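In what follows, a structure is listed as structure tokens, so that the remarks can point back to it.
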Amino acid sequence: MSEAIEVQLKKGVLGLCVLALLSRGDSYAYEIASRMADAVDMGEGTIYPLMRRMQSEGLVATYLEESPSGPPRKYYRITEIGRDRLAAQVAEWRAFVTAVEGLIESPAPAATPVAQEGEQVHDA
């Protein structure tokens with residue numbers, strides 16, 4: 001797969017993946033980034049702007065929790081708006097995957113004869 005296509009595909013599903021992770025439990029940005037890096041090879045620097053955007057859209061909310069190894073951590077939790085968006089995106093993703101799979105798995109159509117200008121095409 002070309003690198004440009006791969007990057008665009010990843011960018012398109014990062015929000016969906018983050019919402020899916022947060023639907024299973026609250027988490028902090030570094031932990032989300034680590035899980036995303038393992039799953040879809042996403043760079044750590046990508047998560048912070050994404051989390052800010054998701055917070056500004058009301059998809060996630062934050063709270064601070066004390067950390068045993070340093071300053072308090074900012075945790076993210078999915079909101080009701082985020083759950084609604086997740087459900088819609090999952091439905092869209094599944095429809096998209098089904099459509100792509102249909103194209104990939106479909107047998108190639110039979111070649112149709114093409115007439116040159118002035119010729120007639122006859123079925124055998």
Side-chain angles (χ1 to χ4, degrees):
M1 177 181 308
S2 101
E3 189 173 320
I5 292 173
E6 188 174 333
V7 167
Q8 290 305 312
L9 282 173
K10 286 179 184 179
K11 279 185 177 181
V13 298
L14 290 180
L16 168 63
C17 293
V18 168
L19 290 174
L21 288 173
L22 290 175
S23 73
R24 297 181 194 123
D26 299 356
S27 189
Y28 53 97
Y30 181 77
E31 183 178 51
I32 295 168
S34 296
R35 293 178 71 188
M36 296 284 285
D38 292 343
V40 293
D41 193 30
M42 180 197 80
E44 182 185 327
T46 305
I47 195 69
Y48 297 99
L50 175 62
M51 298 310 297
R52 281 192 297 275
R53 182 179 55 78
M54 293 177 81
Q55 185 177 2
S56 72
E57 292 177 8
L59 304 175
V60 299
T62 62
Y63 61 92
L64 292 177
E65 191 168 293
E66 292 299 321
S67 170
S69 61
R73 286 187 177 140
K74 182 191 281 189
Y75 275 78
Y76 294 87
R77 67 173 175 76
I78 191 169
T79 63
E80 282 306 310
I81 295 168
R83 288 187 190 284
D84 292 344
R85 175 80 58 92
L86 174 61
Q89 287 182 347
V90 166
E92 289 173 15
W93 175 256
R94 288 188 173 141
F96 176 75
V97 168
T98 299
V100 170
E101 285 292 332
L103 292 170
I104 292 170
E105 300 299 325
S106 293
T112 305
V114 177
Q116 296 294 324
E117 191 174 325
E119 294 182 341
Q120 286 185 307
V121 176
H122 299 282
D123 289 338

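All values below come from the heavy atoms of this structure, side chains included, with hydrogens, waters and symmetry mates left out. All figures in this text were calculated on a predicted structure; none of them were measured in a lab.
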Sequence neighbours excluded, the answer for side-chain hydrogen bond (donor to acceptor under 3.5 Å, both in side chains) partners of Arg53 is Glu57
For Ser27, the side-chain hydrogen bond (donor to acceptor under 3.5 Å, both in side chains) test, sequence neighbours excluded, returns Glu31
Residues pairing under ring-ring contact (aromatic ring centres under 6.0 Å, His included) where one sits in residues 35-59, two or more places apart or in two chains, turn out to be none
Check your understanding: Would a hydrophobic clustering, with Ile, Leu, Val, Met, Phe, Trp and Tyr connected at side-chain separations under 4.5 Å, put Phe96 with Leu103?
Key -> no
For residues 63-78, the salt bridge (charged side-chain N to carboxylate O under 4.0 Å, His left out) pairs (sequence neighbours left out) are none
- Do Leu21 and Met36 come within less than 4.5 Å of each other through their side chains, counting heavy atoms only? yes
Quick note, ring-ring contact (aromatic ring centres under 6.0 Å, His included) partners involving residues 69-88, not counting sequence neighbours, are Tyr28-Tyr75, Tyr63-Tyr75
Sorted by chain and number, sequence neighbours left out, ring pair (Phe, Tyr, Trp, His ring centres under 6.0 Å) with Tyr30 holds for none
The reported gap from CG in Leu86 to SG in Cys17 (rounded to nearest 0.5 angstrom) is 10.0 Å
CD of Glu92 to CG of Leu16, rounded to nearest 0.5 Å, is 9.5 Å
> Do Met51 and Leu64 belong together in a cluster built from hydrophobic side chains that touch within less than 4.5 Å?
Replying inline: no
- State, with a plain yes or no, whether a side-chain heavy atom of Arg94 is found less than 4.5 Å away from one of Val90. yes
Flag the pair Val18 / Ile47 as yes when at least one side-chain heavy-atom distance between them is below 4.5 Å, and no otherwise. yes
Q) Is any side-chain heavy atom of Ile78 closer than 4.5 Å to a side-chain heavy atom of Leu59? A) no
Are any of the side-chain heavy atoms of Leu19 and Met54 separated by less than 4.5 Å?
yes
Which of Thr79, Thr62, Leu50 passes side-chain contact (heavy atoms from CB on, under 4.5 Å) with Gln55? It is Thr62
